[in-house]
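Data block below; observations after.
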Amino acid sequence: PDGSFLAQSIEVIGAEGEKAQVSFTGTVERTGTDSWMVSGVSLNITLATRLKGAPKIGDVVSVEAVVLPDGSRVATVVELVEPSASSRSR
């Protein structure tokens with residue numbers, strides 16, 4: 001066990017060509033000013049993205065995002081679910 005999570009389900013809602021909503025739980029692998037990687041899923045981060053609980057690399061988060069027609073994902077909410085062991089020991 002390497003501490004990674006595998007999405008149990010990713011639900012896409014919406015007709016083809018429309019924006020679709022997705023939600024999943026995963027581990028933060030990379031953060032940046034305009035993009036994050038959560039369990040292998042690339043997310044665009046915008047000024048409208050709500051970050052709840054100050055998630056950091058290694059933390060488990062719940063993600064809500066919009067999938068655009070080009071396949072890119074824009075995070076609307078990233079919420080800390082479980083801090084990593086290193087985050088808890090600080």
Side-chain angles (χ1 to χ4, degrees):
D2 62 3
S4 64
F5 284 81
L6 179 63
Q8 294 179 356
S9 67
I10 296 178
E11 185 176 356
V12 178
I13 302 170
E16 190 173 328
E18 292 181 1
K19 293 181 190 176
Q21 296 279 344
V22 296
S23 60
F24 66 97
T25 300
T27 302
V28 178
E29 299 171 346
R30 186 184 73 226
T31 62
T33 56
D34 60 357
S35 69
W36 286 29
M37 183 74 68
V38 177
S39 291
V41 178
S42 179
L43 300 166
N44 293 320
I45 303 296
T46 68
L47 293 175
T49 303
R50 293 185 322 203
L51 300 175
K52 297 180 176 182
K56 296 176 178 48
I57 293 173
D59 292 346
V60 176
V61 294
S62 173
V63 175
E64 294 179 23
V66 174
V67 180
L68 301 179
D70 67 2
S72 63
R73 295 166 192 87
V74 178
T76 54
V77 178
V78 180
E79 182 174 5
L80 179 64
V81 171
E82 182 181 333
S84 67
S86 63
S87 292
R88 287 191 300 264
S89 64
R90 291 182 196 164

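A quick note: this is a predicted structure, and the numbers were derived from the prediction, not measured.
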Got a sec, which residues hit side-chain hydrogen bond (donor to acceptor under 3.5 Å, both in side chains) with Asp34, two or more places apart in sequence or on another chain?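 With neighbours one apart ignored, the set is empty.
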Counterpart residues, side-chain contact (heavy atoms from CB on, under 4.5 Å), relative to Thr46 (two or more places apart):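 By the side-chain contact (heavy atoms from CB on, under 4.5 Å) rule, Thr46 matches Ala48, Thr49, Val74.
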Distance col, row Arg30:CZ vs Met37:CE, nearest 0.5 angstrom, shows 4.0 Å
Out of curiosity, Trp36 CH2 to Ser42 OG, how far, rounded to the nearest 0.5 Å?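 The CH2 atom of Trp36 sits 12.5 Å away from the OG atom of Ser42.
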If I compare all heavy atoms of [X] with all of [Y], which pair ends up nearest, and what's the gap?
| X | Y | value |
| --- | --- | --- |
| Val78 | Pro55 | CG1-CG, 4.1 Å |
| Gly40 | Glu29 | N-OE1, 3.1 Å |
| Ser84 | Gly58 | CB-O, 3.3 Å |
| Leu43 | Ala65 | CD2-CB, 4.2 Å |

Which residue pairs satisfy the side chain to side chain donor-acceptor pair (under 3.5 Å) criterion with at least one member in residues 71-80, sequence neighbours excluded?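 As it turns out, the side chain to side chain donor-acceptor pair (under 3.5 Å) pairs with a partner in residues 71-80, which skip direct neighbours, are Asp70-Ser72.
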In terms of hydrophobic clustering (I, L, V, M, F, W, Y; side-chain heavy atoms under 4.5 Å; direct or indirect links), are [X] and [Y] co-clustered?
| X | Y | answer |
| --- | --- | --- |
| Val28 | Leu80 | no |
| Val63 | Ile45 | yes |
| Leu51 | Ile57 | yes |

Would you say the side-chain atoms of Ser39 pair up with the backbone N or O of Thr27, donor to acceptor, closer than 3.5 Å? yes
